[in-house]
Amino acid sequence: MKRIIASFLTILLFVSPALAQTSHGEKSDSTKFPFSIKALAFRGSYLDSNTHFDKFQPFHPAGVHLGLELPSLQQRPWQEYLGNPTIGVGLSWLDFGHDMVGMSIAAYPYILLDAINTDFMNVRLKLAGGLAYVTEHWYTQEDTDPDHYYEPTVNTIFGCPINVYLNAGVNMNFPVSEYLSLSGEFGYFHISNGRTNMPNIGMNSIYGSVGLTTNINTDVRKAPVDFPDLPYDWSINITGAAGAHKSAIADPGRFLISSLHAGAVYSVNNWYGLGFGVDVFYNDAVTKNTRRDLYCSGQYDIDGMVVDCTTCGQDKGEDYKLKHKVRAGVAMNNEFRFGVVTAIVDWGVYFYNPSRNIYYDYHKAHYGEVAPKRPLFYDSTGAGGEEAFHYIRFGLKYRVLDNLYLHTSAKTHLHICEYIEFGVGYQIPFLKKSNRTESDGKIFHYRRNWWK
């Protein structure tokens with residue numbers, strides 16, 4: 001691996017000036033655009049501390065981050081609103097450091113937001129999200145007996161080959177010439193499948209990296225375009241989404257999940273919106289069919305102790321009704337707008353949540369402990385720690401036609417993902433009176449072709 005990294009950086013060092021020279025002197029050719037090629041070698045350390053990682057210790061991730069980056073030419077409204085960030089497409093090769101855990105290739109778009117920009121140093125905040133393919137997981141090994149889940153001879157970190165890849169960090173460039181920079185980065189990455197398949201322990205790591213960046217067509221310029229503010233203050237979002245997840249590794253299939261969201265968002269500025277909404281969730285895993293018996297309702301008598309739950313209806317022969325599978329909550333909505341893409345971070349509290357996680361009642365009471373109340377915030381100690389009164393949603397919206405958008409999000413209880421869903425939504429803007437005209441009254445932005 002070290003030879004591969006050294007060879008790539010050497011080629012980049014000698015080839016980049018030659019590539020850059022071919023574009024020198026081109027000032028306004030509309031067919032050319034500036035871009036950068038980046039190669040960083042990295043090494044990291046895992047943040048996960050549990051039996052699934054301890055059995056492989058010590059081991060560390062290492063690999064190469066590659067990137068193609070496009071700086072802003074100040075031709076898009078969203079770039080102007082965000083201080084003209086750089087967008088890029090990344091490809092990472094990761095060696096997880098242990099044969100049983102394997103390797104990974106991740107592909108992802110990312111954005112770099114300027115924090116410090118001088119003649120000697122450029123510091124930018126990096127946000128990235130994409131997909132990662134892992135070579136080793138639960139189903140690539142011979143032993144897939146759920147009873148061996150905690151055995152040191154099995155890989156319980158990943159449950160399928162395709163996973164979500166998330167990355168955030170601080171990116172630094174130190175110019176050597178117009179065409180070449182020394183680069184570094186330190187940050188965090190996460191890989192998991194969001195309970196689409198079990199097991200789903202996932203991986204969290206911090207890392208540091210060093211490398212080179214070559215800049216091509218640095219002399220291409222375009223006249224900046226000034227854009228007006230968004231024409232509306234408030235908008236309403238209506239989103240429907242669905243997906244499927246596994247509740248336990250022993251379950252024979254997946255369970256349907258779905259949600260309906262309605263919320264109002266106020267545009268604090270051109271790139272950030274703050275509001276509130278109502279969510280209704282449906283989870284078919286709240287049923288007697290799940291092998292882990294994770295959920296319960298009603299009351300149950302265990303050795304003379306009355307516990308506010310049942311054993312999922314199995315002992316009494318009862319089945320769940322629809323009301324046990326539905327949750328509802330109110331949430332604070334945050335939107336971060338990047339043109340046609342909007343990032344979502346919602347924090348909500350359930351006001352209707354009839355089915356409690358069984359670990360809080362049955363198991364703790366069974367071992368002689370007083371059954372605790374469901375906490376408002378997370379109890380991260382022991383199984384069932386994901387159950388609480390509140391939830392978080394991380395997501396993305398992609399505008400496809402006027403106010404219509406595609407939606408994907410992960411619903412989590414702190415660091416524990418409950419499921420990933422996909423859907424469609426509609427955003428209704430309330431235009432300022434001065435901007436209400438017959439032609440653009442239903443348009444999301446101030447003009448139909450705002451992305452040009």
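Because only heavy atoms are used, hydrogens play no part in the values below, and waters and symmetry mates are left out as well, while side chains stay in.
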Worksheet entry | Distance flag, aromatic centroids of Tyr405 and Tyr426, threshold under 6.0 Å | no
Worksheet, complete the sentence: Residue set satisfying ring-ring contact (aromatic ring centres under 6.0 Å, His included) with Phe96, at least two apart, ordered chain then number -> Phe158
Worksheet item: Below 4.5 Å, heavy atoms only, C-beta onward: do Phe281 and Tyr391 meet side chain to side chain?
Response: yes
Worksheet entry | Side-chain donor/acceptor of Arg393 to backbone N/O of Ile344, under 3.5 Å | no
Worksheet, complete the sentence: In terms of heavy-atom contacts, Tyr149 and Val154 come closest through O-CG2, 3.9 Å
Could you pull out every donor-acceptor pair under 3.5 Å between side chains of residues 257-266 and any protein atom, sequence neighbours left out?
residue	atom	partner	partner atom	Å
Ser259	OG	Glu421	OE1	2.8
Ser259	OG	Glu421	OE2	3.1
His261	ND1	Asp279	OD1	2.7

Fill in: Minimum side-chain heavy-atom gap Arg43-Tyr207 below 4.5 Å
no
Worksheet item: Is there a donor-acceptor pair closer than 3.5 Å between any side-chain N or O of Ser181 and the backbone N or O of Ser183?
Response: no
Fill in: Option among Thr218, Val220, Leu70, Thr86 that satisfies the side-chain contact (heavy atoms from CB on, under 4.5 Å) test with Phe35
Leu70
Worksheet item: Donor-acceptor pair, Arg124 side chain versus Val170 backbone, under 3.5 Å?
Response: no
Worksheet item: In this structure, are over 12 heavy atoms from other groups packed under 6.0 Å from Asp99 atom CG?
Response: no
Item to complete: May I ask you to check whether over 12 heavy atoms, not counting those of Tyr188, lie within 6.0 Å of atom OH?
Response: yes
Discussion item. Apply side-chain hydrogen bond (donor to acceptor under 3.5 Å, both in side chains) to residues Glu185 and Ser209 and explain how you reach the verdict.
Written reply: CA-CA 5 Å; Glu185 187 173 291; Ser209 61; 4.8 Å; no
Item to complete: Tell me, yes or no, whether the heavy-atom count around Phe276 atom CZ, taken from other residues, nucleotides or ligands under 6.0 Å, exceeds 12.
Response: no
Show which side-chain atoms of residues 106-115 pair as donor or acceptor with protein atoms under 3.5 Å away, not counting sequence neighbours.
residue	atom	partner	partner atom	Å
Tyr108	OH	Ser92	OG	2.6
Tyr110	OH	Glu69	OE2	2.8

Worksheet item: Has the side chain of Asn200 got a donor or acceptor atom that lies under 3.5 Å from a matching backbone atom of Asn193?
Response: yes
Worksheet entry | Over 12 non-hydrogen atoms of neighbours within 6.0 angstrom of OH in Tyr398 | no
Item to complete: May I ask you to decide if Met100's main-chain N or O and Asn155's side chain share a donor-acceptor pair within less than 3.5 Å?
Response: yes
Discussion item. Within the structure provided, determine whether Ile201 and Phe53 are in side-chain contact (heavy-atom separation under 4.5 Å).
Written reply: yes
